[in-house]
*Asks:* 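Quick one: structure below, then a few questions.
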Amino acid sequence: MARLVTEWVKVTRDISIIARESGEVWFHAAGGTEENVDPFATLMTGVGSAGSTVGLLDGAINLGFAGIEKRLAHPDPTIAGYIVALAGAYHTSVDTPRNLRRAASRFNELGRPEVAAYLEERAREETGHDRLALKDLRALGVPGERLVANFIPEGIKPLCKRFDDLCVQDYPMGCIGYSYCLERIAALKQETDIKKVQAMCPGDVDSTRFLRSHSSLGSEAAHVEETIQFVASLPANDRIRVVQETYESALILAEGYNHELLKSEAEMLEELEQALGEALPYRHSSNALHGEKRGARPAA
Ligand SMILES: [Fe+2]
Ligand SMILES: [Fe+2]
């Protein structure tokens, strides 16, 4: 019987993630003893497998969020919070096709057409997603173009900068780790999450286009699956880079989301109204517009 693939990647000074093809994952504290050399101190060099690669990638996300777990905010959901999330969704989507194409052309120059082709395909798939967020904002009665021109949520800025920076690197492999991190988290959202947001939004308007598309119901689940297969097919040094960046992106994402979630509804409304230069048709959710029900925290 063929031996199961085992992969490992060191993601912090003293933690490596180890994953087997069978789906088992460990976090390994680095350091051997005098008698025993740490077998995971060296870089992996073997082939990947989908089962072990997904273990490494998801392990990296879990580890990235672990540090913030105790500080994680769990605010009541509000329309103001959803509008902020949609503005963030716009900003994390608007430059994605351009950035991915830039990275693709670099991989063409480097003689890696298979990586370039993968990134070009992703650029095509991601095209127009910023428009979904704008349509959702419009459906909520918010002038989306004006809002996003004047407002980028503070916690989202480092995330956008990270992706911009990764895509212009000489060897932009990390952009795959960043994308995986965002898409994997989006794909965790279920139909019930979307229904809760719909219930919070006024009337019959469709304001969950972006959320649906970036959830288990939309294309995100397929994107995640394709990325796992692709990363598993890469040489070991590339898989290491992707997993390390998935961890770094998860740290930035966890801090950024939390920064936004810690804001009060009044602070969010104030920020939004300042950016728009006009009052929003939404007041505090204690007297929500049209008396809608409130649902679970929407995170676009
Ligand atoms: Fe997208
Ligand atoms: Fe996607």
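Start at 1 and go down the list; that is how both ligands and their atoms are numbered.
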*Asks:* Name all residues meeting the ring pair (Phe, Tyr, Trp, His ring centres under 6.0 Å) criterion together with Tyr118; count only those two or more places apart in sequence or in a different chain, and write none if there are none.
*Replies:*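 Only Phe230 meet the ring pair (Phe, Tyr, Trp, His ring centres under 6.0 Å) criterion with Tyr118.
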
*Asks:* Under 2.8 Å from the Fe ion (ligand 2), which protein N/O/S atoms are there?
*Replies:*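 Checking every protein N, O and S atom gives Glu126 OE2, Glu183 OE2, Glu220 OE1, His223 ND1.
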
*Asks:* Using a strict threshold of under 4.0 Å (side-chain N to carboxylate O), is an ion pair present between Arg71 and Glu255?
*Replies:*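 Judged by the 4.0 Å cut-off on N to carboxylate O distance, Glu255 and Arg71 do form a salt bridge.
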
*Asks:* Going by the rule ring pair (Phe, Tyr, Trp, His ring centres under 6.0 Å), which residues pair with Phe27 if we only count those two or more places apart in sequence or in a different chain?
*Replies:*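 Counting only residues at least two positions away or on another chain, Phe27 forms no ring pair (Phe, Tyr, Trp, His ring centres under 6.0 Å).
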
*Asks:* Please work out whether the ring planes of His223 and His129 are parallel, tilted or perpendicular, with thresholds of 30° and 60°.
*Replies:*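 Correct class here is parallel.
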
*Asks:* Are Ser249 and Glu245 linked by a side-chain donor-acceptor pair shorter than 3.5 Å?
*Replies:*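 Yes.
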
*Asks:* With sequence neighbours left out, what residues match Leu262 under side-chain contact (heavy atoms from CB on, under 4.5 Å)?
*Replies:*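 For Leu262 the side-chain contact (heavy atoms from CB on, under 4.5 Å) partners, ignoring immediate neighbours, are Ala73, Asn258.
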
